[in-house]
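A quick write-up on the structure given underneath.
Numbering of ligands and ligand atoms starts at 1, following listing order.
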Amino acid sequence: MQFTTRTDSIRDLATDCLIIGVAMGQAFEGDLADINEAGGGLLQRLDIDGELPRKAGKTLMLHAPAGLTASRLLVVGLGKPEKLDGIAFVKAVQAAGKALRQSRARNAHCLLAEATVTDRGADWKIRQAALALAHADYVYDATKKPGEDAAPATATVSFPEAPGVTEQLALASALGAGIGRARGLGDLPPNLCTPVFLADVAQSLAKEIDGLEAEVLDERQMAELNMGALLAVGQGSANPPRLIRLRWRGGAEGEAPLAMVGKGVTFDTGGISLKPRELMEQMKFDMCGAAATIGAMEAVARLKLPINVDGVVAAVENMPDGKAYRPGDVITAMNGKTIEVHNTDAEGRMILADAIYWTGQNSQPKMMVDIATLTGACVVALGHHASGVMTQDDELAGELLAAGDRAADRAWRLPLWDDYQEQIETPFADMKNIGGMPAGSITAGCFLSRFADGQRWAHIDIAGSAWRWGKPESATGRPVGMLVEWLIGHAGGWDALGA
Ligand code: BES
Ligand code: MN
Ligand code: ZN
């Protein structure tokens, strides 16, 4: 989806679809008055008949609206003005995007950013409107071409010309490319999206984008580094593991980078602790932390952020096999700590253990976050609306939660108190890889904390937020929005970029 600006007057603007929003109780002023007048009281008549959608997220598509040169008029309800905050705004624009996607319109002109949003400014509204429309336009087509009668994608959306709008649309495009990347990778089937495939994606991105660099370690190199925990998970699969690092050096030479480490389990059968057959196919999404890391790195590079950033991906497949690691095994991780395996399905923390430690040693980051579809318990705790943040670093937690809020990609903090650490103790090793039923997300975080020694680190569990259940089910591209917002915060903020 391309974005442009236009200066044409609303009445004689040639477009396939003019998109407007109406809040509850909102009078027809400005553009709305103009549209209403051109149509001989069109909006008023709809309102009187009770068919003007003012409720949040309701839409109405009108064809050949009287008095306008637009072929369609799409009206979107914005709900109660006092409830129209950033999150509600994004939802409303996504509803508009969905209606637009289902129509045969190929281009549109969007007036939704003119809505008054309680807690956001003009630049934010433009960026998020563009992102939400692009999000709604996404259709999976990697392994299935849409039928001939399928509605077409929207090629171009324009916004009214105003100071700064062009710049904000360019920023949204760059960020949207990263979110779309994460989503597309998350949706791919596990027979195509293997660890080697993820490494190839990283390398081709590095080739495509100036200044982005990729390096890939194979299992031999990882063995030399004693990455016993990561290799243990991968050893049952015919698809060999890879450790991938993307680097962006937009900041001062030698300045410590911010680092992201993504869980890239391209398929999680559970291994010898095999998962039940129901819904096992969903475990192709277990590389969404990796997808978010790659997507965020793409956005960082396309935005040319003036900071240094490293994105590390631990990519493996977790399979049951004669060579697979087993419950009872004691594994030595790269940092020398020993792990007794109690459940081979707790594989994400195993691979992240080595990836986090390696990143700490090798990237020597200022701060580091890991992103992982780590625990079913996180879905139970937070559902699909929030990612879970765990860290003992209050300042970093604050940064991440605030970034999630600004990006309308929210997270919520769970405690990582030392009290939980005893749940992963065992007589046979330095730790075991599960902590039992209570606080399953937190004990996973406790496990990871033991490999982030001396680092400023936070763990982000995206088991609930990375995937949209329901119809059509799809990867969400989350939490690329939150991650990039966090990084932009360290790069002086959006204002510094748009200038
Ligand atoms: N990838 C899963 C986490 C998951 C499960 C996400 C279900 C979304 C839905 C992870 O590798 C896993 O299997 N975790 C186990 C941990 C348990 C064995 C301690 C889980 O959550 O059941
Ligand atoms: Mn698992
Ligand atoms: Zn997993």
What angle sits at the Zn ion (ligand 3) between OD2 of D286 and OD2 of D268, to 10°?
90°
Would you call the rings of F447 and F451 parallel, tilted or perpendicular, where under 30° means parallel and over 60° means perpendicular?
tilted
Confirm or rule out an N/O/S atom of E347, from backbone or side chain, lying less than 2.8 Å from the Zn ion (ligand 3).
yes
Salt bridge check, D354 against R349: does any charged N sit closer than 4.0 Å to a carboxylate O?
no
With sequence neighbours left out, what residues match D200 under side-chain hydrogen bond (donor to acceptor under 3.5 Å, both in side chains)?
none
Looking at the Mn ion (ligand 2), is one of the N, O or S atoms of D286 less than 2.8 Å from it?
no
Both conditions, 6.0 Å and 45 degrees, for the charged tip of R183 above the ring of Y138: are they met here?
yes
Write down, by chain and number, every protein residue that brings a non-hydrogen atom to less than 4.0 Å from an atom of ligand 1.
K263, D268, K275, M283, F285, D286, N343, D345, E347, R349, T373, L374, T375, G376, I434, A463
N/O donor-acceptor pair under 3.5 Å between Q423 side chain and G435 backbone
yes
Scan V300, L497, I307 and name whichever one has a side chain to side chain contact (heavy atoms under 4.5 Å, CB included) with I488.
L497
Of all N, O or S atoms in D268, the one closest to the Mn ion (ligand 2) is OD2
Examine all N, O or S atoms of V265, backbone included, and report whether one is under 2.8 Å from the Zn ion (ligand 3).
no
Aromatic rings F89 and W124: how do their planes relate, parallel, tilted or perpendicular, breaks at 30° and 60°?
tilted
Ion pair R406/E485, N-O distance below 4.0 Å:
yes
Could you pull out the atom name of the N/O/S atom in E347 that is nearest the Mn ion (ligand 2)?
OE1
Can you check whether G234's main-chain N or O pairs, donor with acceptor, with S237's side chain at less than 3.5 Å?
no
